[in-house]
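Read through the structure below, which is laid out as structure tokens, and then see the notes.
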2 protein chains.
Amino acid sequence: MPQTGTALRGSDAHPTKIRILDAAEELFAARGYHGVSIREITQMADVEVALAHYHFGSKEELFRHVVTRRIDEHCNRLLAELDRAQAAAPNGVAPVEDIVRAFCRFSFAKTSSADAGWKRYLQLLARTSQLPMYEPVLAPINRPYGVIIVRYTEALRAALPTIQPGNLATAFYMLQGIVSRLLADTEMLERQSHGLCPAADFASHLERLVPFVAAGFYALAGQPELSGARNGNGLETESAA
Amino acid sequence: MPQTGTALRGSDAHPTKIRILDAAEELFAARGYHGVSIREITQMADVEVALAHYHFGSKEELFRHVVTRRIDEHCNRLLAELDRAQAAAPNGVAPVEDIVRAFCRFSFAKTSSADAGWKRYLQLLARTSQLPMYEPVLAPINRPYGVIIVRYTEALRAALPTIQPGNLATAFYMLQGIVSRLLADTEMLERQSHGLCPAADFASHLERLVPFVAAGFYALAGQPELSGARNGNGLETESAA
DNA sequence: GTCTATAATGAGATAGAC
DNA sequence: GTCTATCTCATTATAGAC
């Protein structure tokens, strides 16, 4: 009988295509795109090298597939969390704290869950998002993620009617930097805190992140927009003796 | 006459060793350790491939030299800025705002100055510090940087006597995440703000970062230490319909 | 869909003349 | 210190049998 769809192989839990994607996800997250070879990936997946090319064509295409496999669910959940926060607010305007929490909830939950695949995918995004990768690879990430930025920015503006646009964009960007670093998880926080803040304890991270970031937003909401001309505001270090 | 030290070549502005280091710094910052070949580096430096091996031995050694070339001055300046902030305080206890500013000043100034070398070095650190690199390469970075963490943590604790150790470590870690992302500079902020926050305008970044982060520190200073047992605090997403 | 075999290229590193 | 030439190995990718 001709099997038209992807079929499970007799003995293995997952079909070849999935095994390659899983291995690629793990290795790309650990060492980046250039730091991993297809041979390593197929070796970890326990399949022949040629199968990676058969299923995905090229290494670049494989990387794209690793990202696009989860990006839609990821973005949908980020939006769903925001919707939930706004629905819980009486007038539809969620407070900053709830918006910040909504932005973290799904990622933190997946990273601290038993689902190693999601954890590695989020690590991969967090670690590579700070590198300027070629557009063909980065485009499938940036396109859906752009919607998230817009929706959250709107929600934050509604929660902070007095905030200036530049302050809002920068504050949200700082939130993203914090979340990204927590998801990248190089155990730096655990080392710096001498074990007091375990890298995997995302419930604690969230309980600290929310008041920290919310207070930051409120502080910037009370600040006027910066003027274009600034002199002597603390960035010159060369002239001083 | 025998020239014992490194000598300038007749026509070029810099000696070979420096040219290789400069090219390596730029390329490693742009694409990471694995994304660059020695041949690319020597080509950009306009020297023969063999010279990279003559001067530095191996690619890994070359990368180490790129980092260690500036790490001491970098760390000394970070400490000097902190000393300056503490000296300016009447009782030697600098306020949080000044400590945060001290932590950013040197890096921000160098990145927005005309010195492209420092900008790339800081980019390299910011971009690779989120990747779990092998110890032999990362050790020369982490050793001197560890002193910075300790000194700044002590200063922050003095400024915030009521803050709990876990909250302090996490807040400082969040500050590092923000600074790191700003230095990595993939122009994400500029895109998200529709050009309102130019990536290179670090004076504005600092004016927004300081009140944001300081408010976050104050918020966490008023929070009790987290208890070990936490249930149902907002990280479960699977069960809900 | 899976395997073996191989093509074609680029990598890090070294030897030895100058 | 610098250059040419080369060694050795790993890489991506493909062709073709099963």
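Protein chains get the first letters and strands the later ones, always in sequence-line order, with residue 1 at the start of each. What's counted below: heavy atoms across the whole structure, side chains too, no hydrogens, waters or symmetry copies.
- Among the nucleotides D:dC3, D:dA13, C:dA13, the one closest to the side chain of A:Lys59 is D:dA13.
- Taking the ring centre of A:Phe202 as origin, the terminal cationic atom of A:Lys110 falls outside the region bounded by 6.0 Å and 45° from the ring axis.
- The side chain of A:Ser37 contributes an N or O atom lying less than 4.0 Å from OP1 or OP2 of D:dT11.
- A straight line from CZ of A:Phe56 to C1' of C:dG1 spans 13 Å, rounded to a whole angstrom.
- Summarising the geometry, the separation between OH on A:Tyr54 and P on D:dA13 is reported as 17 Å, rounded to the nearest angstrom.
- Geometrically, A:Lys17 does not engage A:Tyr54 in a cation-pi contact, judged by NZ or CZ lying under 6.0 Å from the ring centre and within 45° of the ring axis.
- At distances below 3.5 Å, at least one donor-acceptor pair connects side-chain atoms of B:Tyr152 with backbone N or O atoms of B:Leu78.
- OP1 or OP2 of C:dT2 has at least one side-chain nitrogen or oxygen of A:Thr16 nearer than 4.0 Å.
- Taking only side-chain nitrogens and oxygens, B:His55 comes nearer than 4.0 Å to OP1 or OP2 of D:dT2.
- Look at CD on A:Gln43: it is 9 Å from P on D:dT11, rounded to the nearest Å.
- Following rounding to the nearest Å, B:Arg39 (CZ) and D:dA5 (C1') show an atom-to-atom distance of 11 Å.
- One can place CG of A:Leu51 at 15 Å from P of C:dA5, the figure rounded to the nearest angstrom.
- In this structure, CD of A:Glu48 is placed 15 Å from C1' of D:dA13, rounded to the nearest angstrom.
- In this structure, CD1 of B:Ile41 is placed 12 Å from C1' of C:dG12, rounded to the nearest angstrom.
- D:dG1 atom C1' lies 11 Å from atom CD1 of B:Ile20, rounded to whole Å.
- Contact check, B:His53 against C:dA13: a side-chain N or O comes under 4.0 Å of OP1 or OP2.
- Annotation for B:Gln43: atom CD does not count as buried by contact number, only 12 or fewer foreign heavy atoms lying within 6.0 Å.
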